[in-house]
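Each remark here refers to the structure printed beneath this line.
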There are 2 protein chains.
Amino acid sequence: MSTAPSQDTETLRVELGERSYDIVVGAGLIKDAGKWIAPVLARPRVVIVTDENVAAHYLAPLTKSLKDASIRVDAITLPAGEQSKSFAQFEKLCESILALGIERSTTLIALGGGVMGDLVGFAAASILRGLAFIQVPTTLLSQVDSSVGGKTGINTAHGKNLVGAFYQPKLVLADTATLNTLDRRQLLAGYSEVVKYGLIDSPDFYEWLENHAQALIDGDMDKRRHAVLTSCAAKARVVAEDEREGGKRALLNLGHTFGHALEAETGYGDALLHGEAVSIGTVMAFDLSQRLGLCPGQDFGRMLAHFDALKLPTDLRRLNAGDWTVDRLMAHMSHDKKVEDGKLTFILANRIGQAFISRDVQNKDVRELLDTWLKNKI
Amino acid sequence: MSTAPSQDTETLRVELGERSYDIVVGAGLIKDAGKWIAPVLARPRVVIVTDENVAAHYLAPLTKSLKDASIRVDAITLPAGEQSKSFAQFEKLCESILALGIERSTTLIALGGGVMGDLVGFAAASILRGLAFIQVPTTLLSQVDSSVGGKTGINTAHGKNLVGAFYQPKLVLADTATLNTLDRRQLLAGYSEVVKYGLIDSPDFYEWLENHAQALIDGDMDKRRHAVLTSCAAKARVVAEDEREGGKRALLNLGHTFGHALEAETGYGDALLHGEAVSIGTVMAFDLSQRLGLCPGQDFGRMLAHFDALKLPTDLRRLNAGDWTVDRLMAHMSHDKKVEDGKLTFILANRIGQAFISRDVQNKDVRELLDTWLKNKI
């Protein structure tokens, strides 16, 4: 295992025509950030936006590195947590950035997890109708998920991420050393998005994860770099074919239709992290696939065994689901953005590594599945 | 003069690759709207957003025409006025639209003036990260200005239109009959954007306007259609070359750097309409051009005579500018989006119909001009 900082870095180019950009992955990137960031700036001026938790660890070294590269740095620190993705915080952030007297050539840097990436990305898309922005994701989830795809946004009274923009960063710096300050629960939640890429269309990557996921979770930097890079590359392949989510990109929602319903029911809070909801949702998607006779039961068993071995959450029994109802979960799902013409879209699988988009799942089959899960009959 | 409704219509195609769309101009389009709108909808469902004033005249006929075309119609009516372009109204509008249970295939229709176009356009760009939208502009200003260019946005504490998106409509229906319900002041304010296109790069159009502007203002439908179409075509030419405002598009800001400072000083309200500010600002831009020896004094005199003949506002003396200062106006201008690297951008002119972008105007020359104007020494 290599621990040499900033040497074992790898770069992935996300090809999107004139919106192409690099994702740099490696341990210790933040303290060398100036070197990577200076070349992509229109002018040497940035505003870093971060949250209180992340600021404590990384704001000082990031600022120092940028200043050493002769970049003018302002910083805005927000409260940590999902509640920052509100209209109110969006307004406050936009006004705070404008109050700095920024110009069109100023670049925003989102330093933190998915909340920062989503919020700052939408602010960057909107302020002066578009400022350049750079992502420095500090969680496993945001390194593999928010780094690619250009989805930004805030939450609404009617659901999560329902207002936002498709907006690409100029650069992503994924410093795998930041994962050392993540607690195990957050790491596991992020891992559910990593394994998703194996389950969608990469049986080889899935097998590699079966062998190496435990080491990755336990802190092996090489394994982390490989997993982050492979996940980003997998996502980038899908996004390059379908930037604005008309078709194939829906595959990335494996586990998310069910997951969003669980998050809605638990209030999008600490009771159930997004990655945890996706973990349970992915198990449900495979369970639905096998119940419909689309996927061999042994593949469902194999993925369930892997999730259980890592202690990923896999069923509703651990949630306080006593008073949940099938009707309520169905209602949450029908508010999902992925609804088209009143029909729910599910990502199902024929095998591990062979996911597909289905728009013809019958409501009664979904209801039956939910009923079984709610009754703990798995 | 032809008054035949819906027959004398002309269509302008705005060429922007896959974001291309048509602007249809003619008298009486709203009551035939279903015919024009049905073919561009992904699914037959729309949400009309309008303001109280416009709703009183046009919401019923627009709704009827759409329903006659088997389109499902919801409508949201907002308070009239610039204050609707706030973060608070943006949030309320997004939530109201989501509350209707809309889908990605739902289309928004902005019915009204520039405020509606800007606000609804930004909501369309942002809700579910992008709904299709259609503009039905009902003022001369919005027909010639907001119909082309894709600029949407809201106001901030730090200035107008500082948060928004570049977002193109699927269709613009400019019904010139709606101008009959505009008061003369609004018509004249809109005319200042019409004449701008002549002044920028179309000396022939400028000359046509010298001969026909009075008839256009007085209600000649053929002249109105020609003026709206020619203005949209002129703007479309510039925008097609520079969709995201990196270069040539700045020409469209003729009169706007000064104009924005005047609007900021008067509070963006009824004291000074946007078009009135642009009118005075355009006169100031030509005055600056001739003072710098760039433009013959006779061209300045010619444009001033035309503006005065139509009774367009042409100088600060009619505003309550007694306590204004050069410093405050300079400060307003330096908050304009068009500032780059601390330098103000001005649109100046070598002749009528030969405008150009200048980034090397000296602050002292601008201060001198403002000082002269504030002292009523014109």
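We name chains A, B, ... by the order of the sequence lines, and we start the count at 1 in each one. Since the structure is predicted, the reported quantities are computational estimates derived from the model, not experimental observations.
- Residue B:Ala165 touches chain A through its backbone alone, counting heavy-atom pairs closer than 4.5 Å.
- Looking only at heavy-atom pairs under 4.5 Å with chain A, the residue among B:Ala88, B:Gly159, B:Cys94 that has the most is B:Cys94.
- Relative orientation of the A:Phe122 and B:Phe122 rings is parallel, given thresholds of 30° and 60° on the angle between their planes.
- With rounding to the nearest 0.5 Å, the separation of CG in A:Leu162 from CD1 in B:Ile102 is 8.5 Å.
- Taking CG from B:Leu100 and NE2 from A:His158, the interatomic distance works out to 8.5 Å, rounded to the nearest 0.5 Å.
- Judged purely by atom type and a 3.5 angstrom limit, A:Glu95 uses its side chain to pair as donor or acceptor with the backbone of B:Ala157.
- The line from CD1 of B:Ile154 to CD of A:Glu91 is 7.5 Å long, rounded to the nearest 0.5 Å.
- Interatomic distance, B:Thr152 OG1 to A:Arg129 CZ, rounded to the nearest 0.5 Å: 6.5 Å.
- Contact of B:Ala123 with chain A is not made at all, since no heavy-atom distance falls under 4.5 Å.
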